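Note that these values count all heavy atoms, side chains included, but never hydrogens, waters or copies made by symmetry. If you're wondering where the values come from, they're calculated on a predicted model, not measured in any experiment. The sequence lines fix the lettering, A, B, ..., with proteins before strands; numbering per chain opens at 1.
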Number of protein chains: 2
Amino acid sequence: MTATSDDVPISARASVASDRGAPVPHAYDFSAFDSETCSIARTLTLIGDRWSLLILRDLSNGVRRFDDLVAHLGIARNVLSRRLCALAEGGLVTRAAYRLKGARERHEYRLSPAGRDLIPILLAMMAWGDRYLSAPDGPPAVARHPDCDARVRVSLVCEAGHQLGDRPRLRVEPGPGSRLRERRPR
Amino acid sequence: MTATSDDVPISARASVASDRGAPVPHAYDFSAFDSETCSIARTLTLIGDRWSLLILRDLSNGVRRFDDLVAHLGIARNVLSRRLCALAEGGLVTRAAYRLKGARERHEYRLSPAGRDLIPILLAMMAWGDRYLSAPDGPPAVARHPDCDARVRVSLVCEAGHQLGDRPRLRVEPGPGSRLRERRPR
DNA sequence: CATCTGAGTTTTTTTCCGCAACTCAGACGT
DNA sequence: ACGTCTGAGTTGCGGAAAAAAACTCAGATG
């Protein structure tokens, strides 16, 4: 996420002096910015718990009913109930009524468009797990492009059209919505 | 994550009958497979808590020392201690000794190569948060390609070279490492 | 020798999770 | 009409994990 090498120890690097005498090896002092005012932190307030992403994975794979989620995930019912409410409130999931013939009305949970937009996150996690945590017999699941049956991967591209490689060097800098921390370190 | 529409209610879809009479709208019954034997689930056992990804974000942005992390994240010290141990044990983070002139030996935490490979996950979350949770003044941070200064995005591509759009249709199917659930639903 | 600092541990309190039991409404068999 | 079944939750409780704050400890510094 940075242009400087992560392998060079702090002591060997040119640095910006921080107010605490600690060398900071970046072009700007990330720790001067509010940690919560960050899209990653904000996203994690919605899905940064042990279950939400698994629920979303199941929903996106067609497991949509309360008891099916309970059975498949092994999640406690009250926890699932709360997570689904939170996800619905966050706009990631909608509760929809449906009725099978001869049965009373039921509800199912579906991904909203915003929820579907989380799929790249799921695919990025899947790719990482495939690489580092797979059994030797191969990945437990494969995502394919329905048009051509080829496997789908997550890749990083820049808007100039360059394809970034496996271990990209990036530069992260404050954007227009950045905010400095209120209480400076003391 | 699926080739079938998420917007069509269960009752209107062609389906595979499950053993519980519930229609399953996919080509295969996802819930028949073990939920834990999944690269997403496995990855989440390492980073699926409220802090790990924020710690990794900070590490990748040059905040590497214990007290700096405590101050920046607002995390409790004992929790940070445990998370760092777990991340180190999982191979995502290494603890490295270093010594500034006139100071005693200290430790800093760095991303390992495996940890750096999580960056696409962070960027995917950042993109989602930018889109759905940003203040009107714009994203709090921007990732750029150091070579050309253009913004970096996460994109989905298939191995046949097709660029998948914003709302891709995917097909997820069991891979060679998949495992059926032991206890079938009852 | 007293003090400061970075980097944790220990202790205590609070919050959250997992489990099991319970509720509730509607369909269904008899 | 009555009991049963099922899906979809809610309630209540014990234990695990997180937050907060105090304490430790080693080495540099005045």
Side-chain angles (χ1 to χ4, degrees), chain A residues 9-11 18-24 31 35-36 44-45 48-52 54-55 58-59 63-88 93 95-110 183 185-186, chain B residues 9-11 18-24 31 35-36 44-45 48-52 54-55 58-59 63-88 93 95-110 183 185-186:
Chain A
I10 285 179
S11 50
S18 92
D19 44 345
R20 298 166 69 203
V24 174
S31 71
S35 169
E36 318 241 313
L44 285 172
T45 62
D49 70 282
R50 214 154 34 278
W51 289 112
S52 291
L54 291 177
I55 294 168
D58 270 24
L59 293 182
V63 183
R64 312 177 150 181
R65 281 163 37 175
F66 193 91
D67 277 14
D68 291 340
L69 289 166
V70 167
H72 188 232
L73 294 172
I75 188 177
R77 308 173 81 77
N78 52 354
V79 176
L80 176 59
S81 182
R82 253 196 320 252
R83 288 326 304 164
L84 285 172
C85 286
L87 292 172
V93 157
R95 171 186 299 189
Y98 73 98
R99 180 189 294 267
L100 294 180
K101 53 148 191 27
R104 75 173 186 285
E105 186 176 83
R106 303 222 174 273
H107 295 279
E108 59 173 350
Y109 295 92
R110 299 190 208 148
R183 281 187 276 291
R186 58 194 167 86
Chain B
I10 285 180
S11 51
S18 92
D19 44 343
R20 298 166 69 203
V24 174
S31 72
S35 169
E36 318 241 315
L44 285 172
T45 63
D49 69 282
R50 210 150 43 273
W51 289 111
S52 291
L54 291 177
I55 295 169
D58 270 24
L59 293 182
V63 182
R64 314 176 147 181
R65 282 162 39 174
F66 193 90
D67 277 15
D68 291 340
L69 290 166
V70 168
H72 189 232
L73 294 171
I75 188 176
R77 308 171 84 78
N78 53 356
V79 175
L80 176 60
S81 183
R82 251 198 319 254
R83 288 326 305 162
L84 284 172
C85 286
L87 292 172
V93 157
R95 170 187 299 189
Y98 72 97
R99 181 188 293 267
L100 294 181
K101 54 143 192 28
R104 73 175 187 284
E105 186 178 82
R106 303 221 174 274
H107 294 281
E108 59 172 349
Y109 295 91
R110 297 190 210 148
R183 282 186 275 290
R186 60 193 167 86

Just to verify, what does [X] make a side-chain contact (heavy atoms from CB on, under 4.5 Å) with, not counting sequence neighbours?
X       : value
A:Ala96 : A:Glu108, A:Arg110
A:Ala88 : none
A:Arg50 : none
B:Arg77 : B:Phe66, B:Asp67, B:Val70

Nearest-Å distance, [atom1] ([X]) to [atom2] ([N])?
X        : N      : atom1 : atom2 : result
A:His107 : C:dC24 : NE2   : P     : 17 Å
A:Asp68  : D:dG9  : CG    : P     : 12 Å
B:Leu69  : C:dA7  : CG    : C1'   : 12 Å
B:Leu84  : C:dA7  : CG    : C1'   : 11 Å
A:Leu80  : C:dC19 : CG    : P     : 13 Å
A:Arg95  : D:dA8  : CZ    : P     : 11 Å
B:Ile55  : C:dG8  : CD1   : P     : 12 Å

Out of D:dA8, C:dG8, C:dG6, whichever nucleotide has its closest atom nearest the side chain of B:Asp67: C:dG6

Contacts of A:Asp49 that satisfy salt bridge (Lys or Arg N to Asp or Glu O under 4.0 Å) - sequence neighbours left out: A:Arg83

Protein-to-nucleotide contact annotation, 5' to 3' order, nucleotides 10-22 of chain D [B base; S sugar-phosphate only; - none; under 4.0 Å, heavy atom]: BBB-----SBB-B

Shortest non-hydrogen contact from A:Ile75 toward A:Leu69: CG2-O, 4.1 Å

Phosphate OP1/OP2 of D:dG7 contacted by A:Tyr109 side-chain N/O (<4.0 Å): no

